[in-house]
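Below: one structure, written as structure tokens.
For the single chain, residues carry numbers from 1 onward in sequence order.
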Amino acid sequence: MANVYKNIQAVITSSGADDPMYTSPDATTSIVKTLRLFNIHSSALAVTTKVYDYSTTTDFTYSKIICNNDDSVDILTFNNVIVLEAGDILRMQTPTGNKIEMTASILQISRT
């Protein structure tokens, strides 16, 4: 079993559609320790974060927030974490594509 910390950066590219931001690898449990968004747009944008549960093939809404222009917001606060099992996907959407940047710190725990 190996523990590896990953620093993941991604941009929500679609407008109004779920974008996959991170997928937990096979035989791995991933713990999302921090999740920060930055808005490079000229106005505030709503951002929805979802977790796709691979075992039930279902999306679950985790949060809906407003990210002000030229500002950042932390999705995970006060020792909250998101646990992703193998195949689970962290997804995000916003009405205007290519304006929200995401950075996540993730601990991957491999079972192999």
query: Side-chain donor-acceptor pair under 3.5 Å between T29 and R111, yes or no?
result: yes
message: Checking S14 against D19: is there a side-chain donor and acceptor pair closer than 3.5 Å?
response: yes
Are [X] and [Y] side-chain neighbours, meaning at least one heavy-atom pair lies under 4.5 Å?
{"X": "T94", "Y": "K99", "answer": "no"}
{"X": "I8", "Y": "M21", "answer": "no"}
{"X": "S42", "Y": "N69", "answer": "no"}

message: Just checking Y62: does its OH atom have more than 12 heavy atoms from other residues, nucleotides or ligands closer to it than 6.0 angstrom?
response: yes
message: Check whether N39 reaches the backbone of D71 with its side chain - one donor and one acceptor, N or O, closer than 3.5 Å.
response: no
field: S15 side chain to G97 backbone, donor-acceptor under 3.5 Å
entry: yes
Non-hydrogen atoms of [X] and [Y] that approach each other most closely:
{"X": "K33", "Y": "L107", "result": "CG-N, 4.4 Å"}
{"X": "F38", "Y": "C67", "result": "C-SG, 4.4 Å"}
{"X": "Q93", "Y": "A17", "result": "CB-O, 3.2 Å"}
{"X": "G87", "Y": "T23", "result": "O-CG2, 4.2 Å"}
{"X": "S24", "Y": "L84", "result": "OG-O, 3.6 Å"}

